[in-house]
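Note that the structure is a prediction, hence the values are computed from the model and not measured.
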Amino acid sequence: MSGPSRKRPSGQEAGPSRPLNRSSSLDRKRPRLTPEESPVLTDAALLYHTATAAHIASTQHLQQAFIPSWVETASDGTFDPVPLYPTKRLAPDPHAADTALALQLLALDLLSAGLKLPNLSDSERAAFTIEWLSIGIKVRQCAKGSISLAEDMHDAMASGTAAVDCGEALNLVEEMQVGLGKIAGAQHHTRQLLALIRCRLLFAYRRWDSISASLDDIGALLNWDENSLTASGKDGPWHTNLTAHYLILRSLWEGRIGNDSKARSLLKRLYILMDEAAESGTLETLRANGGLVELDGLFFQTTPPNVLYVLTFLATVTTRRDFIGPAASCKTLVHINAMRVFERMARKDDMWDIGFSHQHGLADVLAAQNGVIRRMAEIVLEEGTAMLIRSDFVAAEKLLDHFVHFAHTHGILDELGPHLCLVQAMSAQLLGHATISERYYHAASALLGKGSELAIMIEASLLGVQGHLQGLKDDHQRQTLVKDLAHKCKHTSSMALQTIGTLLSALAEDNLMLAKKKIGRAYDLCQQSNNNLLRALIFAFTSTTHLTGSEERVQAQLETGLTIAGLLGGKDRPDEVGQPVLGLWFAYRLKSKLQSGLADVELHNRNQDHLALNIARSKVQRYTLRLNEILEDGNRRYASTSRLEGLKEMR
């Protein structure tokens with residue numbers, strides 16, 4: 001039976017058909033191989049090829065394993081979704097981690113079988129062994145749940161405690177630096193990396209006396225130009241990544257020592273650096289391979305862009321802590337909202353946008369995921385703190401409840417426990433529930449290391465909660481205690497603690513003129529560090545105890561304090577009431593001062609002063625109503641009576 005005939009192309013004439021047993025000239029030239037001479041795929045080659053294919057296939061599931069199931073991956077048009085690197089579209093896969101691990105285990109089994117084959121050549125055995133070790137390390141790390149050095153350092157920085165000996169770690173890094181310095185051809189980028197690691201360790205273990213010099217060393221290795229107005233993001237991924245870390249650490253340091261203008265300038269240059277790196281494609285390259293950089297044949301794991309952006313925003317929030325103004329322009333809330341708006345969406349160029357390379361394993365993916373989740377929790381805690389300071393207690397309560405649930409679900413509640421206790425203590429203190437606040441402060445102190453700066457801040461807070469800052473001049477024992485604590489505060493590099501120490505020293509000072517000088521010093525420190533909350537507290541103290549200035553100056557302090565209190569959340573309320581306790585105090589003192597001085601003014605100024613007095617009375621009434629509302633909510637929440645109830649009598 002003949003088969004269907006094949007059509008000839010149009011325009012082609014029919015020719016004589018070629019005999020089936022006739023070979024072409026090309027066929028005649030090709031040598032024929034006997035069955036013995038034909039290439040055979042050996043068992044070793046087949047096993048090795050299949051194992052490496054399974055290893056490579058496992059990498060394709062890492063990005064899907066990185067994104068948790070509660071993160072939305074399908075866009076409804078409100079955001080650009082994360083791509084599946086390098087070219088595919090990401091689709092959710094709840095079993096991606098299991099699939100990646102199963103493929104790696106399959107590869108290990110195949111390689112183990114290959115190593116047992118007889119008559120393996122030395123080169124074949126070496127290839128099998130190297131691949132087996134490469135995959136075995138990844139599987140072993142995943143089984144142990146290993147966490148990188150950077151994560152360990154982050155834990156120590158978060159809790160204020162050190163799980164390992166800081167001296168040993170620093171000595172090891174310094175020995176490596178000295179060794180590299182003696183090698184003429186030592187790679188410059190290795191020295192840069194070690195300098196950055198050393199500085200990170202100094203931050204993690206609170207070696208504040210060495211940080212400034214360490215930052216200068218990094219700047220010199222990076223050829224940092226202190227006088228330049230910009231920072232270039234076009235110098236390649238390695239230099240860009242290290243420069244970003246340097247700017248983050250430097251801005252944190254400048255913010256700590258109270259140099260707000262310098263910190264603001266550094267943050268500005270950091271954002272310029274990130275923008276230029278994004279425009280030049282540097283960040284896209286880093287994002288696609290999970291932050292891996294190859295230098296001189298070695299692979300270095302840098303911070304991927306998704307985490308680098310989160311760190312940049314967090315550094316901005318923690319460095320400046322600017323809580324004033326409406327929510328739409330409050331710098332702390334603006335940056336927090338920028339981080340949180342897409343936190344549960346796999347949005348391109350955001351915190352869940354990262355690929356992984358063949359060098360990464362499932363443990364690296366889980367560590368990266370844990371790092372993002374932990375920073376998400378820190379962001380919520382920062383927002384809750386901001387809401388408390390801005391007196392939005394309802395929003396703060398919801399945020400803290402969300403934080404506890406989120407941190408407990410992901411197993412990071414213990415790591416952030418001290419900070420949660422501090423925020424809860426501050427919440428109870430602001431609402432006037434001293435016993436509950438004291439309990440939280442003691443809990444935080446028990447979780448922190450002895451002598452840490454957070455422990456000193458807790459000591460100062462406990463003095464206020466327990467009422468030990470009142471009547472100091474009549475109790476020499478408490479006066480000595482406050483002076484000792486003030487001495488501790490003033491001998492740190494933290495501008496916030498120095499300011500608190502100066503204010504405590506003024507409270508315990510018997511000499512009125514010396515107390516005034518210390519108050520002036522504390523005020524200057526607040527101005528330098530842009531600490532508006534402490535500035536308002538200083539005004540409250542001076543307008544209560546030190547009324548020795550001119551009438552205009554005292555009134556100006558009361559009006560400024562009232563303005564600051566109103567800016568702490570009042571711009572978002574119809575009644576313009578901000579921090580209730582400070583606002584009520586300033587409004588009451590201003591009303592009393594205007595009322596007492598009304599009889600002494602000339603007739604043509606009385607109408608103007610009457611108007612100011614009526615405004616002050618109106619503010620006293622509004623702040624009293626707001627205080628009633630807040631105290632009722634606090635009494636319900638803590639099931640106790642606030643000691644601020646007495647403020648309601650201020651009319």
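- Sorted by first then second residue, the ring-ring contact (aromatic ring centres under 6.0 Å, His included) pairs that include residues 446-480, not counting sequence neighbours, number zero.
- Listed by chain and number, the residues in a side chain to side chain contact (heavy atoms under 4.5 Å, CB included) with Met376 are Trp70, Glu343, Met351, Trp352, Val372, Phe406 (sequence neighbours excluded).
- Between the Thr332 side chain and the Asp322 main chain, a donor and an acceptor come within less than 3.5 Å of each other.
- No salt bridge links Arg374 with Glu378; every basic N to acidic carboxylate O contact stays at or beyond 4.0 Å.
- For the ring-ring contact (aromatic ring centres under 6.0 Å, His included) condition, the pairs that include at least one residue of residues 480-512, sequence neighbours left out, are His487-His491.
- For residues 560-582, the pairs satisfying side chain to side chain donor-acceptor pair (under 3.5 Å) are Arg390-Asp572, Arg573-Asp575, with sequence neighbours left out.
- Ring geometry, Tyr271 versus His335: the interplanar angle falls from 30° to 60°, so the pair is classed tilted.
- Using a 4.5 Å heavy-atom threshold, the side chains of Thr499 and Met495 count as touching.
- Looking at residues two or more places apart in sequence or on another chain, you find no salt bridge (Lys or Arg N to Asp or Glu O under 4.0 Å) involving Asp217.
- Of all the heavy atoms in Ala486 and Ser505, the pair that sits closest is CB-N, 3.8 Å.
- Here the side chains of Ser494 and Trp208 are not in contact, with every heavy-atom distance at 4.5 Å or above.
- Between Leu273 and Glu276 there is no side-chain heavy-atom pair separated by less than 4.5 Å.
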For residues 391-398, run the donor-acceptor check on the side chains, cut-off 3.5 Å, and write out each pair with its distance to 0.1 Å, sequence neighbours left out.
unit_1 : atom_1 : unit_2 : atom_2 : d
Asp392 : OD1    : Ala395 : N      : 3.3

Worked check of side chain to side chain donor-acceptor pair (under 3.5 Å) between Tyr638 and Ser427 = CA-CA 11 Å; Tyr638 295 114; Ser427 175; 3.2 Å; yes
Taking distance alone, no hydrogens or angles, what donor-acceptor pairs closer than 3.5 Å link side-chain atoms of residues 523-534 to residues at least two apart or in another chain?
unit_1 : atom_1 : unit_2 : atom_2 : d
Gln527 : OE1    : Arg535 : NE     : 3.4
Ser529 : OG     : Leu525 : O      : 2.8
Asn531 : OD1    : Leu534 : N      : 3.2

I would like to know whether His245 and Leu311 meet side-chain contact (heavy atoms from CB on, under 4.5 Å); could you show each step before the answer?
-> CA-CA 9 Å; His245 276 288; Leu311 291 176; 4.2 Å; yes
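- For residues 421-445, no residue pair satisfies the salt bridge (charged side-chain N to carboxylate O under 4.0 Å, His left out) rule, not counting sequence neighbours.
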Does the salt bridge (charged side-chain N to carboxylate O under 4.0 Å, His left out) test come out yes or no for Arg321 and Glu382, once each step is laid out?
-> CA-CA 9 Å; Arg321 296 195 182 279; Glu382 289 290 342; 2.8 Å; yes
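- Pairs of residues two or more places apart, or lying in two chains, that qualify as salt bridge (charged side-chain N to carboxylate O under 4.0 Å, His left out) and include a residue from residues 456-465 are Glu459-Lys488.
- Residue pairs meeting the salt bridge (charged side-chain N to carboxylate O under 4.0 Å, His left out) criterion with at least one partner in residues 491-512, sequence neighbours excluded, are Glu509-Lys518.
- The salt bridge (Lys or Arg N to Asp or Glu O under 4.0 Å) search around Arg521 returns none, not counting sequence neighbours.
- Between Ile248 and the options Leu266, Thr243, Leu270, a side chain to side chain contact (heavy atoms under 4.5 Å, CB included) holds for only Leu270.
- The ring-ring contact (aromatic ring centres under 6.0 Å, His included) contacts involving residues 435-466 comprise nothing, where partners must be two or more places apart or lie in separate chains.
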